[in-house]
Each structure stands twice: as C-alpha cells, then as structure tokens.
Amino acid sequence: MLLLEFFMKMILFSAALLTAFALTGFAQHKHEYAKITEKEIDYRNWTYPAAQKNENIDLREFTKGKKLVMVFYFAPWCHASNFQAPVTQKLYQKYKDHGFAVIGVSLYGNTEKVRETIERRNIGFPVVIESVSLADRKKSLHYKYRWGTGDYRRWGTPWNIFLIPAELDPTGDVLTKKAFVVNGEIIEREAESFIREALGLSSAEVANY
C-alpha cells in the first residue's frame, strides 16, 4: 500500500513538472507587440554583407527611389522575430510595387542559421548581417539604438525602424535624427495603416489591390 502511494505521488510530481516546463516554454514563445512611435535617434548609414548574395548593401543607396523603407532587425533564433517575419513578408509583397521596401538585419546568429530562416520563412526581401555572435550584443549599433529609444529588453528583437528616403540626409554618417520605430513586434493592422499613409494610398486603392 505504501509502495502504491509512493508511485502515485511520483506520478503526480512528474505531471506537475511537465506542466511547469510546458508553461515555461509557452511563456518564452509569446508575442512582443509594440506600437509605432516617433523617436529622436541618430540613425547612421551602414554597409553590411548580404546573406543571400556575395555582396555588400549600403543602406543609403538601398533607399534611393523608394517612398518608405522598413529596416527589420531580427535574430534567427528569436521566437518573436519569427512571429513577425511572415507578417513583414506579407506587407512587403503587398506594397513593394507602390514604393515600399524592406531590408532585414540579422543579429546574434551565424550565417547558416540566417539562411535557413530566410528559406523557411520564404523571405523575399534582402537580408544583411550585422553580427553573428551572442557576445556582440552590447557592441552592436542595434543595442545602442534600441536602448536610446527606450527598449530595455535583454536581446531586443525584433526591432524596427521606418525611414522616409525623401527626408534622409543625402551625405554624412547620420541618415536621420528622428524616425518612427517599433520597440518590439509590429502590430500588422497598425503597420499597414502607417505604410498606406506613407505611400499616399487611399483605402479604396488598397482594397482593390
């Protein structure tokens, strides 16, 4: 009888542990939504190696001829980044012919993992690599930008900034001193409204697209 009670207690204890692990895993996979907010930020031009091609991409050059550019900072292992990736691709696909462009900036993950993420998420916009090591967190410009705009998350991905090419400084290291940023995962409906307005699209034009 005592042995049976012992086994029953062990089963209940194991079930409790499994539940705790499941809940912990669920908590780590939650969304990290944030609003689009205008912030003061000395956002600098950069040139980073492309993940998909053997070339470097200069951001100022990339923005030329566009109406709105979204820079999507992500880590290939980050769940919130992976939640946002298909939403970003959807918006890019929908508005790329209207002057909207997206460029992804990968952080804290090796090139192989970045390419796997691009393929798995069917990402069609270009992606560059800013850093590949977890040890680079506090050394990255991404860290400086997000902390400067009030994002104090440990890793801070995803993080997004919207650039209006017509308002960028055509020369010098600093592209802009003010921009709209998202200190977390974009809210699709809000982002789409923001993009439509920046592109000068009416609701009717969007509905018929």
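Numbers for residues simply follow the sequence, beginning at 1.
Looking at Leu163 and Leu68, their side chains never come closer than 4.5 Å, going by heavy atoms from C-beta outward. In this structure the side chain of His142 reaches within 4.5 angstrom of the side chain of Glu130, judged on heavy atoms. Counting heavy atoms from C-beta outward, Ile195 and Leu91 have side chains that approach closer than 4.5 Å. Using a 4.5 Å cut-off on side-chain heavy atoms (C-beta onward), Ile41 and Tyr145 make contact.
We find that Arg115 and Glu112 are not joined by a salt bridge, their nearest charged nitrogen and carboxylate oxygen being 4.0 Å or further apart. A salt bridge between Glu192 and Lys94 is present, with a side-chain N of the basic residue lying under 4.0 Å from a carboxylate O of the acidic one. Using a 4.0 Å cut-off between charged nitrogen and carboxylate oxygen, Arg153 and Glu32 count as a salt-bridge pair.
In this structure, Asn45 contributes its side chain and Arg60 its backbone to a donor-acceptor pair below 3.5 Å. Under the 3.5 Å distance criterion, the side-chain polar atoms of Arg146 are matched with a main-chain donor or acceptor of Asp151.
Nearest heavy-atom pair, Thr157 versus Ser81, reported as atom, atom and distance to 0.1 Å: CB-OG, 3.5 Å. Taking both residues in full, the closest heavy atoms of Trp46 and Tyr43 are given as NE1-OH, 3.0 Å, listed atom of the first, atom of the second, then distance. Contact detail for Pro76 and Leu107: the closest heavy-atom pair is CD-O, 3.5 Å.
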**Item:** Pair Thr47-Ile57, side chain to side chain contact (heavy atoms under 4.5 Å, CB included): steps then yes or no
**Value:** CA-CA 5 Å; Thr47 301; Ile57 296 179; over 6 Å; no
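Ring centroid separation for the pair Tyr92 and Phe100 does not come in under the 6.0 Å cut-off. Between Trp155 and Trp77, the distance from one ring center to the other falls under 6.0 angstrom.
Using a 3.5 Å distance cut-off with no hydrogens or angles, the side chains of Asn82 and Thr117 do not pair a donor with an acceptor. A donor atom on one side chain and an acceptor atom on the other are found under 3.5 Å apart for Tyr108 and Ser140.
Cation-pi geometry between Lys66 and Phe62 is met: the NZ or CZ atom falls under 6.0 Å from the ring centre, inside 45° of the normal.
Under the side-chain hydrogen bond (donor to acceptor under 3.5 Å, both in side chains) criterion, Lys35 pairs with no residue, sequence neighbours left out.
Taking the six-membered ring for Trp and thresholds of 30 and 60 degrees, Trp147 and Tyr152 have ring planes more than 60 degrees apart, a perpendicular arrangement.
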